[in-house]
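Only one structure is covered here, and it is reproduced in the block below.
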Amino acid sequence: MPKSLGMKINSTSKENLITINNDYVTQQIEYFSNLCRPSKVTILNEKSEDLEYVRKLAISTGEEKNLKIKGHTVHFDGYNDLARDKKSTKALMPPKMKLSKNINVVDRDEGLKEILQLFEGSMEGKEMLVKFYCLGPTNSKFSLGALQISDSPYVIHCEDILYRQGYEHFQFLKESNKFFTFIHSAGELNEFNVSKNTDKRRIYIDLIDGKVYSVNNQYAGNSVGLKKLALRLAIYKANNENWLAEHMLITGIKSLKNERITYFTGAYPSACGKTSTAMIPGHTIVGDDIAYLKVDTTGNCRAVNIECGIFGIIQDVNPIDDPLIYKALTTPRELIFSNVLINNGKPYWLGMGNEEIPNNGTNFFGEWYKGLKDKDGKEIPYAHSNARYTMRLNELENVDPNFNDPNGLLIKGIFYGGRDSDTNVPISEAVNWEHGVYIGATLESETTSAIIGKIGIRNSDPMANMDFLVVPLGQYLTNHINFGKKMINPPKVYSTNYFLKNNGKYTNSKLDKKVWVLWAEGRVFNEYDVIKTPIGNIPLYPDLEMLFDKVFNKKYHEDDYILQFSIRIDKYLEKIQRMEKLFENEEKMPKVFWEILNQQKSQLSELKIQTGREMLPPTYFQ
Ligand code: SPV
Ligand code: MN
């Protein structure tokens, strides 16, 4: 036991460290304890008393407050710390490495120097918590160890809810240093217990060392190491080992006749229907955010949710649209609300249904009253649009019984979808795996509030993973193509779009996605025919009519079908142009990407010349 550390830890912590028996772990803790200078270091086990210790600490330090319902607490992030900070999140670049131009980087030596300085003394007067987790189910070939060090009991509390405990996993690691390390400090806190120096917020990713440094923030997308910070390290690792680390949900779709359950993954940029796809009524949820995908020995695709909880957007969770989540949020269980309005121990959020919203309370701004403005004269809403809830998955009635399966779940389909008001049809099928990669690579979305910045701008977001890429984009896409080559039965791939508009109005209702996914599920078993179009395979009207009838007992009109499934030639051609520009300077692009793009382009252009029309009904292709 290093002497400097020995003075700061109690006998239980000492024992916990000795049992782990890993020099690299001890070195890290000692190094960061010396650098951050906490008054105390606590090394936590995975026992229930240790979980309780963190819950209590989050309350006693004021980072969380108890609410009326048992087990519910609230946490506020600062006014400048309510979403992921893309600008201040950078990969530390070793001298010979080259990344795509849209990946944020800083020279490794320079970045390390800057961030280590920010960590210096950052935990003075605070307690440093050390915790061991496992990404993915334990005892599985997917399992990855994660060591989290933080001065924020809120961060550890979130991780205790969102991730599997990994103390045992670390014991089995023996002397190995093959795990990820996350070091976080909320930095100096203000009178509301929120990070004060958000101008010095930095999140630096060290690919060489498998380590992420995060300082002067609390918002979970920035602070919780195992979430988007681990995703970046995993993408780097996966890319070198030919598996996939993806920003994907996993759901079990029950077939129409209920005779089978088929697992799909799905990638959607933040706040674009991802959680609601994972939570479609009647189906099961395995995960709503991050999945690892591997090819098994039989040539099939298997995936695990690396999390076991949800850090979900709370806006619009109401008894009609999300009955299961709403029920979970309004009954006793361990639950952290963040950035909602609190009045008299009760949380209020945007779009919560018929509740009357009080005129005052506490929110992410501090003491709030209706009409309150910020220093720029902007009215402060009672709750933030990126307000969230943190909850265990097994609190939900629809959790999949196999969600902890160490072998992963057999994946037969993949969905990609973005917020797209004018181009893509509600659902189409890729003709093969490569075309599926093309669909994922060309994913675009109109921006939302999950990221700091303007709302409503069209952004390109390959596989919804662009924010987290730490390998060149072309190489990442080549890895996707190669992943397909390893499979005997690759999953079928689907493009979905829940946001298609006509004259400013959505062309379908929120729940219609249930029909689209059931059609995809049936297609996996060749139950429906398709119409072949230049953009892929689309459904036939009678099949959707039957599905709408069986699922919702509702008439699906042919006019709606024609409106939704018409091929918007001009819009697709515009999209292709944007894609040409985006990828033109990208190195190591798979050749097949350009082949597919050029083929689509020439087919669509020809149709345009032949017909003189910018939009063709699905029946045209029959
Ligand atoms: C997302 O924005 O994609 C999320 C929430 O899942 S965050 O933790 O901020 O990444
Ligand atoms: Mn996400």
Side-chain angles (χ1 to χ4, degrees), residues 246-249 251 253 264-269 272-274 276-277 280 411-446 458-466 477 480-481 484 490-501 506-508 512-524 528 530-540 543-544 561 563-569 571-576 578-579 582-583 592-593 596-597 599-601 603-604 615-616 618 621:
E246 297 300 316
H247 191 202
M248 281 181 175
L249 66 93
T251 176
I253 305 292
F264 282 71
T265 65
Y268 295 75
C272 290
K274 192 165 171 212
S276 61
T277 303
I280 296 176
I411 301 298
K412 300 240 186 192
I414 297 178
F415 298 122
Y416 288 110
R419 195 171 280 268
D420 167 9
S421 54
D422 60 11
T423 309
N424 278 308
V425 295
I427 186 150
S428 62
E429 183 187 77
V431 297
N432 54 28
W433 175 261
E434 289 76 14
H435 183 214
V437 174
Y438 176 85
I439 287 175
T442 56
L443 192 59
E444 294 180 296
S445 196
E446 290 147 27
R458 186 165 0 220
N459 271 337
S460 173
D461 195 354
M463 278 76 181
N465 220 358
M466 195 59 225
L477 296 178
H480 265 262
I481 296 286
K492 278 184 176 280
V493 181
Y494 297 86
S495 156
T496 66
N497 180 16
Y498 310 144
F499 301 93
L500 185 66
K501 285 185 176 173
Y506 289 117
T507 60
N508 47 251
D512 291 357
K513 56 172 87 68
K514 183 159 182 174
V515 164
W516 317 141
V517 305
L518 273 174
W519 179 80
E521 198 279 340
R523 276 294 300 161
V524 168
Y528 308 114
V530 292
I531 304 175
K532 291 188 187 314
T533 81
I535 59 101
N537 301 332
I538 61 171
L540 289 151
D543 294 327
L544 294 183
Y561 169 73
L563 178 68
Q564 293 170 348
F565 286 91
S566 282
I567 304 300
R568 291 154 172 81
I569 301 176
K571 293 291 174 189
Y572 276 107
L573 285 171
E574 281 167 27
K575 177 170 172 147
I576 288 174
R578 292 194 294 276
M579 293 304 130
L582 175 73
F583 290 105
V592 64
F593 173 91
I596 295 168
L597 182 141
Q599 191 188 6
Q600 261 191 28
K601 188 175 162 182
Q603 286 181 359
L604 289 166
M615 188 163 155
L616 288 173
F621 300 93

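Keep in mind that the numbers below use all heavy atoms, side chains included, and drop hydrogens, waters and symmetry copies.
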So, [X] side chain and [Y] main chain: donor-acceptor pair closer than 3.5 Å or not?
{"X": "Arg523", "Y": "Tyr528", "answer": "yes"}
{"X": "Asp461", "Y": "Pro269", "answer": "no"}
{"X": "Tyr561", "Y": "Pro539", "answer": "yes"}
{"X": "Lys532", "Y": "Val431", "answer": "no"}
{"X": "Glu246", "Y": "Ala267", "answer": "no"}
{"X": "Ser566", "Y": "Leu563", "answer": "no"}
{"X": "Thr423", "Y": "Tyr572", "answer": "no"}

What's the spacing between [X] [atom1] and [Y] [atom2] if we round to 0.5 Å?
{"X": "Lys412", "Y": "Ile253", "atom1": "NZ", "atom2": "CD1", "value": "14.0 Å"}
{"X": "Asn459", "Y": "Ser445", "atom1": "CG", "atom2": "OG", "value": "8.0 Å"}
{"X": "Glu429", "Y": "Ile535", "atom1": "CD", "atom2": "CD1", "value": "11.0 Å"}
{"X": "Leu604", "Y": "Leu616", "atom1": "CG", "atom2": "CG", "value": "9.5 Å"}
{"X": "Lys492", "Y": "Ile411", "atom1": "NZ", "atom2": "CD1", "value": "16.0 Å"}
{"X": "Tyr268", "Y": "Asn497", "atom1": "OH", "atom2": "CG", "value": "9.5 Å"}

Next item on the list: Locate the shortest heavy-atom distance separating Pro462 from Phe583; write the atom from each residue and the value.
Entry: CG-CZ, 4.3 Å
Note to self: Can you give me the closest heavy-atom contact between Val425 and Ser428, atom names plus distance?
What the structure shows: CG2-CB, 3.8 Å
State, yes or no, whether a side-chain contact exists between [X] and [Y] at a heavy-atom distance under 4.5 Å.
{"X": "Lys571", "Y": "Asn424", "value": "no"}
{"X": "Ile531", "Y": "Phe565", "value": "no"}
{"X": "His435", "Y": "Gln600", "value": "yes"}
{"X": "Thr277", "Y": "Lys513", "value": "yes"}
{"X": "Ile280", "Y": "Thr251", "value": "no"}
{"X": "Arg568", "Y": "Leu500", "value": "yes"}
{"X": "Leu597", "Y": "Tyr438", "value": "yes"}
{"X": "Gln564", "Y": "Trp516", "value": "yes"}

Any side-chain donor near an acceptor of the partner, [X] and [Y], under 3.5 Å:
{"X": "Glu446", "Y": "Ser421", "answer": "yes"}
{"X": "Tyr416", "Y": "Thr442", "answer": "no"}
{"X": "Asp420", "Y": "Tyr498", "answer": "no"}

Check: Angle class for the Trp433/His480 ring planes (parallel below 30°, perpendicular above 60°, tilted otherwise)?
Finding: parallel
Next item on the list: Show the numbers, then the answer: is there a side chain to side chain contact (heavy atoms under 4.5 Å, CB included) between Asp422 and Arg458?
Entry: CA-CA 11 Å; Asp422 60 11; Arg458 186 165 0 220; 3.2 Å; yes
Margin query: Would you say the rings of Phe415 and Trp519 are close, in the sense that their centroids are separated by under 6.0 Å?
Written below: no
Next item on the list: Evaluate side chain to side chain contact (heavy atoms under 4.5 Å, CB included) for Met579 paired with Leu582, printing each intermediate quantity in order.
Entry: CA-CA 5 Å; Met579 293 304 130; Leu582 175 73; 4.2 Å; yes
Notebook entry, point to check: Excluding sequence neighbours, so at least two apart, what forms side-chain hydrogen bond (donor to acceptor under 3.5 Å, both in side chains) with Lys601?
Noted result: Glu580
Notebook entry, point to check: Picking from Ile427, Asp543, Leu544, Asn508, what satisfies side-chain contact (heavy atoms from CB on, under 4.5 Å) with Val515?
Noted result: Leu544
